[in-house]
Amino acid sequence: MCRHQTLFYDDSTGYVIQCEECGNFQVGFGNLLVTLNEKDFSSFRKSVNKTLLVYGDSVETITKSFFLPTPSEGVKLLLNKNELQLLATMLEEADTEHKAQQLLHLFYK
């Protein structure tokens, strides 16, 4: 049975949790829920940030023009600029929390 640690939670945006048993991440955003292993979570986070950095200034805010693949076969995201920024922020904050927890575990093991 999974025991989850919350890395990010916001009622209006979504959440990122990690299972303390298997290490998988669960990302809930909008009406999407994706489970990712640690490597895929890192790759997905970097992909979101890169897309925002490269294309973020060139599109309208409300047009759904960002097409993001996920590590899950057949699942892709279609987002507007605001949604992409929210997702990037959510993933970055979750990653920061995850790294902080990893450092704390070094002191308590």
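These numbers come from the heavy atoms of this one structure, side chains and all, not from hydrogens, waters or symmetry mates.
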Are any non-hydrogen side-chain atoms of [X] and [Y] less than 4.5 angstrom apart?
X     : Y     : answer
Gln26 : Leu33 : yes
Lys81 : Gln85 : yes
Asn49 : Arg45 : yes
Phe66 : Asn80 : no
Asp95 : Leu7  : no

**Message:** Could you check whether His98 and Phe25 have their ring centres less than 6.0 Å apart?
**Reply:**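 Ring centres of His98 and Phe25 closer than 6.0 Å.
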**Prompt:** Do you know the tightest heavy-atom contact between Glu83 and Leu79?
**Reply:**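 Closest heavy-atom pair between Glu83 and Leu79: OE1-CA, 3.3 Å.
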Starting at [atom1] of [X], measure out to [atom2] of [Y] and round the result to the nearest 0.5 Å.
X     : Y     : atom1 : atom2 : value
Lys46 : Leu53 : NZ    : CG    : 14.5 Å
Cys19 : Asn37 : SG    : CG    : 12.5 Å
Leu86 : Leu91 : CG    : CG    : 11.0 Å
Cys22 : Glu38 : SG    : CD    : 11.0 Å
Glu92 : Leu52 : CD    : CG    : 10.0 Å

**Prompt:** Going by atom types alone, do Gln18 and Asn24 pair a side-chain donor with an acceptor below 3.5 Å?
**Reply:**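 The criterion, which ignores hydrogens and geometry beyond distance, is not satisfied for Asn24 and Gln18.
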Is [Y] reachable from [X] through a run of I, L, V, M, F, W or Y residues, each pair having side-chain heavy atoms under 4.5 Å apart?
X     : Y     : value
Ile17 : Leu36 : no
Leu78 : Leu84 : no
Phe8  : Leu87 : yes
Met90 : Val75 : yes
Phe41 : Leu68 : yes

**Asked** For Lys50, does the NZ atom sit with more than 12 other heavy atoms under 6.0 Å from it, leaving out its own atoms?
**Response**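 No, the 6.0 Å shell around NZ holds no more than 12 heavy atoms from other groups.
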